[in-house]
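Quick notes on the structure that follows.
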Amino acid sequence: MQQQLRIALIQADLVWENPIQNCKNFTSKIESISEQVDIIILPEMFSTGFTMNAELVAETMQGPTVTWMKDVALNTNAAIAGSLIISEDNNYYNRLLFVQPTGEIITYDKRHTFTLVGEEKTFSSGKEKVIINYKGWKLCPLICYDLRFPVWARNTENYDVLIYVANWPKPRISAWDVLLKARAIENMCYCVGVNRVGKDGVNSVYSGHSAVYDVLGNEVSSMLANKEEVQVVTLEKRHISAYRNRLKFLNDSDDFTVI
């Protein structure tokens with residue numbers, strides 16, 4: 001079991017509906033990381049921006065962006081995670097891929113599609129919560145709007161890290177800040193949020209605020225708002241176990257069933 005997990009958060013502007021250019025831009029940012037990391041985390045729909053034009057930019061699981069992620073994982077010896085638009089079985093999914101250096105891919109399809117902009121009219125909703133076992137750590141990957149629904153994120157699996165990738169707009173960024181912190185506290189886990197910056201093709205503006213919170217809700221990252229940035233943060237297994245063993249709050253959580 002690995003006692004530390006080093007994660008690289010990449011807060012970036014995205015080129016609208018241009019997977020090739022976005023992959024090039026992310027390649028440059030990833031190459032700037034000067035230390036070995038375990039996981040590289042990209043924003044939601046990192047190859048296109050948050051577009052509803054799925055028929056124009058969707059790829060299959062054998063497509064070029066997935067191939068790029070596999071190459072990055074292999075070349076950096078690190079897992080890489082982020083969501084993109086996937087076409088499968090005549091449906092479109094906002095799908096998070098967790099690609100390991102071995103080439104193994106674990107996927108999570110966004111459960112809570114963003115009805116405010118009609119995401120549910122284009123994308124099929126995911127049905128399964130996913131727990132990833134990686135280097136002795138249990139990770140729970142979720143996507144953007146999922147953050148507003150604490151029952152879906154509730155830590156019934158004893159996971160260590162909750163990961164949100166997002167295109168969360170600037171006008172509601174205070175909610176992003178508060179909810180990331182709340183998810184860390186209530187689940188007694190690290191909570192990681194990676195958001196984009198810049199303006200997209202429908203003039204939505206994003207201010208970043210990517211962050212990592214520890215079990216007590218303390219921010220352990222220091223990323224700047226409104227700026228492209230790459231930051232490496234080290235997570236400590238002993239921090240989680242120390243406070244869970246001392247406080248035992250998860251032992252008192254309610255039983256429930258998600259339908």
For residues [X] and [Y], determine if any side-chain heavy atom of one lies less than 4.5 Å from a side-chain heavy atom of the other.
X      : Y      : result
Trp152 : Val258 : yes
Ile41  : Val165 : yes
Asn187 : Leu162 : yes
Ile86  : Met61  : yes
Lys138 : Ile132 : no
Pro43  : Asn167 : yes
Ile7   : Val37  : no
His239 : Asp160 : no

Hydrogens and angles aside, do [X] and [Y] bring a side-chain donor and acceptor to less than 3.5 Å of each other?
X      : Y      : value
Glu59  : Thr65  : yes
Ser47  : Asn22  : no
Glu120 : Thr113 : no
Asn251 : Arg244 : no
Glu119 : Asn94  : yes

Indicate the atoms forming the closest heavy-atom contact of [X] with [Y], along with that distance.
X      : Y      : result
Asn77  : Pro101 : C-CG, 3.6 Å
Trp168 : Cys144 : CZ3-O, 3.5 Å
Asn203 : Lys199 : OD1-CD, 3.6 Å
Leu5   : Ile39  : CD2-CD1, 3.8 Å
Tyr93  : Glu88  : CE1-O, 3.8 Å
Ser207 : Ile173 : OG-CG1, 3.6 Å

Item to complete: If you link ILVMFWY side chains whenever their heavy atoms are less than 4.5 Å apart, which other residues fall into the same cluster as Val197? By chain and number, please.
Response: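 ILVMFWY cluster around Val197 holds nothing else.
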Could you state the interatomic distance from [atom1] ([X]) to [atom2] ([Y]), rounded to the nearest 0.5 Å?
X      : Y      : atom1 : atom2 : result
Lys110 : Leu142 : NZ    : CG    : 11.0 Å
Asp255 : Thr156 : CG    : OG1   : 9.5 Å
Ile40  : Ile10  : CD1   : CD1   : 6.0 Å
Leu97  : Leu42  : CG    : CG    : 10.5 Å
Ile143 : Ile163 : CD1   : CD1   : 11.5 Å

Quiz prompt | Criterion side chain to side chain donor-acceptor pair (under 3.5 Å) on Gln4 and Glu236, from CA distance to verdict | solution = CA-CA 5 Å; Gln4 293 184 327; Glu236 299 279 355; 2.6 Å; yes
Is it the case that atom [atom1] in [X] sees more than 12 heavy atoms from other parts of the structure closer than 6.0 Å?
X      : atom1 : result
Leu224 : CG    : yes
Tyr92  : OH    : yes
Lys135 : NZ    : yes
Glu55  : CD    : yes

Assess whether a salt bridge exists between [X] and [Y], defined as any Lys/Arg side-chain N lying under 4.0 Å from an Asp/Glu carboxylate O.
X      : Y      : answer
Arg111 : Asp146 : no
Asp109 : Arg95  : yes
Lys129 : Glu157 : yes

*Donor-acceptor under 3.5 Å (Asp214 side chain, Leu216 main chain)*: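 At least one qualifying donor-acceptor pair exists.
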Q: For the pair Trp16 (side chain) and Gly49 (backbone), establish whether a donor and an acceptor sit closer than 3.5 Å, ignoring hydrogens and angles.
A: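 Looks like no, no N/O pair under 3.5 Å.
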task = List the steps, then state whether side chain to side chain contact (heavy atoms under 4.5 Å, CB included) holds for Leu179 with Arg148.
result = CA-CA 7 Å; Leu179 294 176; Arg148 289 188 178 271; 3.9 Å; yes
Could I get the full list of ring-ring contact (aromatic ring centres under 6.0 Å, His included) partners for [X], not counting sequence neighbours?
X      : result
Phe50  : none
Phe249 : none
Tyr206 : none

query = Taking only residues two or more places apart in sequence or in another chain, which ones pass side chain to side chain contact (heavy atoms under 4.5 Å, CB included) with Ser253?
reply =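 Arg154.
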ask   = Is the Trp68 ring parallel, tilted or perpendicular to the Phe46 ring (thresholds 30°, 60°)?
value =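 Rings of Trp68 and Phe46: tilted, as their planes differ by 30° to 60°.
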**Request:** Report the relative orientation of the aromatic rings in Tyr145 and His112; use parallel for angles under 30°, tilted for 30 to 60°, perpendicular for over 60°.
**Result:**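 Rings of Tyr145 and His112: perpendicular, as their planes differ by over 60°.
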| said: Are Phe98 and Tyr134, when compared by the centres of their aromatic rings, separated by less than 6.0 Å? | reply: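 Ring-ring flag for Phe98/Tyr134: true, centres closer than 6.0 Å.
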| task | Any pair with a residue in residues 8-29 that passes salt bridge (charged side-chain N to carboxylate O under 4.0 Å, His left out), sequence neighbours left out, goes on the list, sorted by first then second residue, please. | result |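 Listed once each, the pairs are Asp13-Arg196, Lys29-Glu228.
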If you apply the rule side chain to side chain donor-acceptor pair (under 3.5 Å), what do you find for Gln2 with Asp38, and how did you get there? CA-CA 10 Å; Gln2 187 169 302; Asp38 299 300; 3.0 Å; yes
